[in-house]
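To keep things clear, I will list the structure first and then write my remarks on it.
What you see is a predicted model; the values in this text were computed from it and never measured. Nothing fancy with the numbering, it's 1 onward along the sequence.
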Amino acid sequence: MTLTAPKSESKRVLVPQGTHIARCINLIHVGTVAGEYMGQAKIFNKMRLTFEFPEETHVFTEGEDAKPIVLSQEYTLSMAPKAKLRPLVEGMIGTSLNDDEATHFDHETLVGMPCLLSVIQRTSKKGTKYAVISSASPLMKGQVCKEAFNPYKILNYTDKFDEAYFNTLPDFIKSAMMTSKEYKALKGIETDEIDPLDIPF
């Protein structure tokens with residue numbers, strides 16, 4: 001099987017607004033990268049999750065069968081009480097976590113997990129529509145999520161850095177990862193030491 005990154009985002013096929021059955025299929029640790037928050041330069045430790053929506057399909061290539069739409073969203077890798085990642089995780093697993101449990105939660109366990117995701121569509125300042133995940137919850141009693149169409153993939157800088165998979169990623173993701181302190185450490189590239197900020201948003 002040839003491994004390629006999901007292409008739905010590049011073709012701008014949006015998940016419709018509403019609540020949908022979904023499954024987490026990818027986790028990418030982008031790493032500690034520069035960004036901006038409230039007009040100020042910040043350092044963020046980023047993680048990217050990709051979800052597959054088996055009931056929402058599209059014919060991406062003429063002549064081929066319809067495939068599930070996917071949606072990726074980046075989160076600051078923080079489980080602080082006000083962090084955006086924490087309610088997503090708690091919603092997916094269907095239980096609240098205390099601070100110690102949240103701190104030690106293994107995010108890689110999300111990959112393969114089915115859930116319900118509420119999706120809304122927004123419009124950027126440039127007039128481009130995009131979809132975002134607003135909340136998550138477990139499947140309701142009796143609901144079934146189809147088996148994943150796309151392969152499960154985890155990409156981190158420790159024991160799961162798959163160079164072949166990395167090379168299939170869109171350029172904007174690779175470029176961000178290549179600026180991270182984790183990527184530079186992996187490749188032996190000298191860099192100034194920076195401390196990630198635990199931004200609770």
Side-chain angles (χ1 to χ4, degrees), residues 5-31 33 35-37 44-58 60 67-97 101-102 105-140 143-156 169-170 172-173 176-177 198-201:
K7 296 181 178 179
S8 67
E9 288 186 324
S10 63
K11 294 195 174 187
R12 301 212 57 78
V13 179
L14 302 183
V15 180
Q17 295 193 113
T19 301
H20 308 275
I21 293 175
R23 188 185 296 273
C24 183
I25 58 169
N26 291 71
L27 182 154
I28 295 174
H29 183 200
V30 177
V33 297
E36 186 177 294
Y37 178 63
F44 304 99
N45 192 355
K46 289 287 189 178
M47 179 178 74
R48 185 178 182 87
L49 295 174
T50 299
F51 294 87
E52 182 180 282
F53 294 78
E55 307 297 331
E56 300 296 331
T57 61
H58 181 80
F60 294 95
K67 299 176 183 178
I69 300 173
V70 299
L71 173 60
S72 297
Q73 194 153 308
E74 283 192 359
Y75 296 87
T76 298
L77 188 52
S78 167
M79 290 290 277
K82 294 183 179 180
K84 289 184 178 180
L85 181 59
R86 185 154 170 180
L88 176 88
V89 170
E90 292 179 333
M92 288 181 67
I93 65 176
T95 187
S96 297
L97 300 172
E101 292 171 331
F105 183 80
D106 181 1
H107 296 92
E108 293 185 4
T109 61
L110 299 177
V111 176
M113 187 179 295
C115 61
L116 290 175
L117 293 181
S118 293
V119 175
I120 59 175
Q121 292 183 4
R122 294 175 177 165
T123 302
S124 69
K125 292 180 180 179
K126 295 181 179 180
T128 302
K129 272 192 171 184
Y130 61 99
V132 296
I133 298 165
S134 61
S135 63
S137 60
L139 295 181
M140 297 178 66
Q143 286 185 316
V144 176
C145 182
K146 295 178 182 177
E147 291 299 318
F149 175 84
N150 292 288
Y152 299 148
K153 292 298 296 183
I154 296 173
L155 188 64
N156 64 33
L169 298 175
F172 76 95
I173 300 177
M177 293 179 70
D198 195 24
I199 305 296
F201 70 90

Check [X] against [Y] and note the closest heavy-atom contact, atom names and distance.
X      : Y      : answer
Phe51  : Cys115 : CE2-SG, 4.3 Å
Leu117 : Ala22  : CD1-CB, 3.7 Å
Arg23  : Pro114 : NH1-CD, 3.8 Å

inquiry  = I'd like to know if the side chain of Gln17 and the backbone of Gln121 have a donor-acceptor N/O pair within less than 3.5 Å.
reply    =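 Yes, Gln17 side chain to Gln121 backbone: donor-acceptor pair under 3.5 Å.
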task = Mark yes or no for whether Glu108, through its side chain, and Ile154, through its backbone, hold a donor-acceptor pair below 3.5 Å.
result =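 The answer is no, because no donor-acceptor pair under 3.5 Å joins these two groups.
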Within-4.5 Å side-chain heavy-atom neighbours: [X] and [Y]:
X      : Y      : value
Thr76  : Leu85  : no
Thr57  : Phe149 : no
His107 : Tyr75  : no
Glu101 : Met79  : no
Ile93  : Met113 : yes

ask   = What's the spacing between Gln73 CD and Ser134 OG if we round to 0.5 Å?
value =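 Rounded to the nearest 0.5 Å, the CD-OG separation comes to 9.0 Å.
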query = To the nearest 0.5 Å, how far apart are OG in Ser78 and CZ in Arg86?
reply =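 These two atoms lie 9.0 Å from each other.
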